[in-house]
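Take a look at the structure below.
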Amino acid sequence: MTTEPSFYDKVYEVARLVPQGRVTSYGAIAKFLGTAGTARMVGYAMLHAGSLQPPVPAHRVVNSRGMLTGRFHFPTPTLMQQMLESEGVKVENDEVKNFKKLLWDPAIELMNGY
């Protein structure tokens with residue numbers, strides 16, 4: 001008998017697919033998983049992602065306006081920004097620049113094959 005993956009496991013699976021240099025939002029992941037309105041739960045999942053294997057790139061998950069709202073949950077408040085910038089994502093005043101252009105929406109990107 002196979003066990004259905006938990007909501008958190010599904011969130012992590014989607015977050016692991018976000019390519020370097022791109023970002024997604026808590027809400028986009030929630031909507032993709034068929035649980036629109038549970039963006040906060042996706043955020044809670046990201047809180048527990050730090051020690052998972054394979055790694056979950058939680059730094060690539062931001063709020064619906066591109067703000068680094070999860071930054072205080074990293075070992076230092078600037079680490080999330082540093083990780084994004086190391087991948088070529090520009091961040092200014094805790095906000096992803098060109099957010100709409102860099103947004104990786106799983107509902108679009110994974111339409112044919114998830």
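Bear in mind that the values here come from a model prediction, so they are computed numbers and not experimental data. All values below come from the heavy atoms of this structure, side chains included, with hydrogens, waters and symmetry mates left out. We number each residue from 1, following the sequence as shown.
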Give me the atom names and distance for the closest heavy-atom approach of Ala15 to Pro57. O-CG, 3.2 Å
Looking at side-chain heavy atoms only, is the closest gap between Leu102 and Val96 below 4.5 Å? yes
How close do Ser86 and Met83 get, counting heavy atoms only, and between which atoms? OG-O, 2.7 Å
Rounded to the nearest 0.5 Å, how far does CG of Leu103 lie from CG of Asn98? 12.0 Å
Show your working on side-chain contact (heavy atoms from CB on, under 4.5 Å) between Phe74 and His59 and close with a plain yes or no. CA-CA 9 Å; Phe74 283 76; His59 64 286; 3.9 Å; yes
Are Lys97 and Glu85 ion-paired here, with the side-chain N under 4.0 Å from a carboxylate O? no
Output for pair (Phe7 CZ, Ile29 CD1), nearest 0.5 Å, gives 8.5 Å
Give the intermediate values and the outcome of side-chain contact (heavy atoms from CB on, under 4.5 Å) for residues Trp104 and Val61. CA-CA 10 Å; Trp104 184 87; Val61 185; over 6 Å; no
Under 3.5 Å, side chain of Asn63 to main-chain N/O of Gly66, donor-acceptor pair present? yes
Any side-chain heavy atom of Thr24 within less than 4.5 Å of one from Pro106? yes
Within a strict 4.5 Å, meaning less than it, do heavy atoms of the Tyr8 and His48 side chains meet? yes
With a cut-off of 6.0 Å (strictly less than), are more than 12 heavy atoms of other residues, nucleotides or ligands near CZ of Arg16? yes
Check whether any side-chain heavy atom of Leu33 lies under 4.5 Å from a side-chain heavy atom of Val14, and answer yes or no. yes
Are Val56 and Met46 side-chain neighbours, meaning at least one heavy-atom pair lies under 4.5 Å? yes
Applying side-chain contact (heavy atoms from CB on, under 4.5 Å) to Lys10 and Val42, what does each step give before you reach the verdict? CA-CA 10 Å; Lys10 291 176 184 178; Val42 173; over 6 Å; no
Considering only heavy atoms from C-beta outward, does the side chain of Glu109 approach that of Val18 to under 4.5 Å? no
So Tyr26 and Val11, do their side chains get closer than 4.5 Å, heavy atoms only? no
Can you give me the closest heavy-atom contact between Tyr12 and Ala49, atom names plus distance? CE2-CB, 3.8 Å
Hey, could you give me the OG/CE distance between Ser25 and Met67, rounded to the nearest 0.5 Å? 14.0 Å
Joint hydrophobic cluster, Leu47 plus Met80, side-chain heavy atoms closer than 4.5 Å: no
Between atom CG of Leu84 and atom CG of Leu68, what is the distance when rounded to the nearest 0.5 Å? 6.0 Å
Main-chain N/O of Met41 paired to Thr38 side chain as donor or acceptor, under 3.5 Å: no
Within the structure provided, determine whether Glu87 and Arg22 are in side-chain contact (heavy-atom separation under 4.5 Å). no
Under a single-linkage definition using a 4.5 Å side-chain heavy-atom cutoff for Ile, Leu, Val, Met, Phe, Trp and Tyr, are Val62 and Leu17 assigned to the same hydrophobic cluster? no
Suppose we screen for side chain to side chain donor-acceptor pair (under 3.5 Å). Which residues come up paired with Asp105, at least two apart in sequence or across chains? none
